[in-house]
Amino acid sequence: MPMSEIAEGVALARWVAGFGLASDGETLPVSVSDQSWSPAFAYLNAQRLTGLAVAAAEAGALSLTESQEEELLRGHRDAMVWVLGIERSLLSLRATFEASGVEFVVLKGPTFAHGPYPDPSWRPFADLDLLVRGRDWRRACEVLEAEGYHRDLPEPRRGFDERFGKAATHTGPGGLQVDLHRTLVLGPFGLWLDPDGLFDRAERFELAGRTLLRLNDTALLLHAAMHASLGWRPPFLLSVRDVAQVAESGAVDWEEARVLARRWRLAAVVRHAFGAGVEMLGIHPPEEAAGLLALSPRRREVRALEAYTTERRGRGGMALSTIGAIHGPRAKLAYVWGLIFPDRRFLTARMGGGERSSYRGRWKVAFRWLRRRQRSIQR
Amino acid sequence: VTEDPRYRRSAKVLFRSYADEVVVASPTGKSFELLSGPAAAAWNLLSEARSEEEMVRALSDAYQAPEQTVANDIRLLIQDLQGRGLIDPDADE
């Protein structure tokens, strides 16, 4: 496929991701050639931007041919059926968790859809993310197992999850994935924040007449920034949009956001996320964000951010940054030990069996990281 | 004088409305209902309590269709949605 068609598809997706917010982008009706439609649609689907594309087409800002519109609607219909299935499962899990005495906070997808976005159909999502307190972690895993959700990957060693983990993915009936979170992000930033304290920043929201908990808009903004900056490289367009959407429409307490960003060492992360909004979507932060963005990141934060956003990510950068964020030599040793000598069950699940599921196979990965690191230092 | 019954969406259903379509799901069911065109418009009207007559008037205006034709369709739609527990008679009546 010619590069120009791919480039046009990517440009369209970026424009769609900024639709409805004050941006530098094109304001005239935007259209896409038939040659470029196929990669553009694939990219819109992959980036979960069909809702914004449908809204843009409805508003007359995106001009599509009849067949393009039909394909877009078909894709979006599938996405909407999927999200309603997820919400159905969420309501069912709510009842089970409540009966088990485990409180949880809903993260990401459903809370963005039913929160800062003008219409829930603008914000598709693919899975369910639930945050539980550290003390409830084991119980919550048992509740999911009892409901037919099976953990994809066992923990490296007993107790590793509660001390160093971010979340465990459980796959349930019909292929729905539930990410059970202990904290918001893997690595140093997940360790620097106070996950249980997030429950003090939770508020109620209604879904089909039932009450659930979600992060308030201030904490939601910081979580969105973490997800946009630390989740994918390059950032996922919808995650960058989430940051801009909460900043523009959410009831953000900007002073509290500044205090939390300082406390949780997120100054560099927040800057990076808003920077991605400017660079990728042409959306500038609101004036109220000035104090938050004026925070000057510490050197350690910048180094930690680079472990996610540069080539260091593929050279074990996150693991090394995590070691630096863990308090005390005994805990550092426990983390490294868990990575080097994980349980056999973990090895087999992680490496897919065969030679690669041996300790030797696992250590080869670490040596490869070191070699890449050495090469880049020599360069 | 008895007033016409009024209906509204059940507060207990899940749905997404976009373009001229709505996907509706009962929280305890397994299937999904797809409403499109006038049926989707009718669903959107039911965000507030409406009588059949009010809906017929609104939809025949919007779609430039004879009231009698719209009235038959709306009656069937309301029966169907109510039977599936997706709409409720208005409690404020």
Side-chain angles (χ1 to χ4, degrees), chain A residues 19-20 48-60 62 64 66 68-96 109-110 113-114 117-125 173-174 176 206-212, chain B residues 5-50 55 58-59 61-64 73 77-78 80-93:
Chain A
F19 169 73
R48 290 198 277 282
L49 293 168
T50 54
L52 286 160
V54 168
E58 274 289 282
L62 176 61
L64 298 175
E66 204 171 308
Q68 290 171 351
E69 195 175 321
E70 271 175 26
E71 190 169 11
L72 175 62
L73 269 183
R74 252 198 322 272
H76 191 51
R77 192 181 302 138
D78 291 345
M80 294 296 94
V81 167
W82 183 251
V83 300
L84 291 179
I86 295 175
E87 289 186 350
R88 207 176 240 167
S89 302
L90 171 60
L91 293 173
S92 163
L93 286 173
R94 172 194 168 274
T96 321
H114 294 283
Y117 275 83
D119 188 290
S121 72
W122 287 29
R123 180 52 169 91
F125 44 90
L176 170 63
E206 291 264 319
L207 183 65
R210 275 74 153 188
T211 306
L212 293 144
Chain B
R6 296 162 77 81
Y7 302 91
R8 63 164 70 226
R9 289 177 201 152
S10 164
K12 293 179 181 164
V13 296
L14 299 160
F15 70 95
R16 288 292 191 278
S17 176
Y18 54 89
D20 67 346
E21 290 185 0
V22 183
V23 185
V24 189
S26 146
T28 50
K30 295 244 179 273
S31 61
F32 302 88
E33 303 300 321
L34 176 68
L35 308 175
S36 59
W43 177 265
N44 290 330
L45 285 171
L46 289 167
S47 61
E48 292 172 24
R50 310 261 185 191
M55 292 176 66
L59 292 173
D61 277 356
Y63 287 89
Q64 299 288 299
D73 291 345
L77 179 69
I78 284 180
D80 184 41
L81 294 177
Q82 198 178 6
R84 293 168 195 267
L86 303 177
I87 61 172
D88 294 326
D90 184 34
D92 294 338
E93 273 191 289

Aromatic F32(B) / basic R77(A) pairing, under 6.0 angstrom, 45° off normal: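 No cation-pi geometry.
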Pick one of side chain, backbone, both or neither for S36(B), based on which atoms fall under 4.5 Å of a heavy atom in chain A.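 Neither part; nothing is under 4.5 Å.
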Given a strict heavy-atom distance threshold of 4.5 Å, which part of V23(B) is in contact with chain A: side chain, backbone, both, or neither?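 Backbone plus side chain of V23(B), per the 4.5 Å heavy-atom cut-off to chain A.
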Ring center gap for F19(A) and W122(A) short of 6.0 angstrom: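 Yes.
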Region of [X] in contact with chain B, defined by heavy-atom distances below 4.5 Å:
X      : value
L84(A) : both
E58(A) : side chain
A55(A) : neither
V81(A) : both

Checking side-chain polar atoms at under 3.5 Å, does E71(A) have a donor or acceptor matched by the opposite partner on H76(A)?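 There is no such pair (donor and acceptor under 3.5 Å, judged by atom type) between the side chains of E71(A) and H76(A).
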Would D80(B) and R84(B) pass as an ion pair if we require N to O under 4.0 Å?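 Salt bridge present between D80(B) and R84(B).
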Specify which of E69(A), R210(A), R88(A), M80(A) makes the most heavy-atom pairs with chain B at under 4.5 Å.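 Highest number of heavy-atom pairs under 4.5 Å: R88(A).
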Any chance CD of E66(A) has more than 12 other-residue heavy atoms, nucleotides or ligands included, within less than 6.0 Å?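 Counting other residues, nucleotides and ligands, CD of E66(A) stays at 12 neighbours or fewer.
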pair P110(A)-L207(A): side-chain heavy atoms closer than 4.5 Å: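 No. Closest side-chain heavy atoms not under 4.5 Å.
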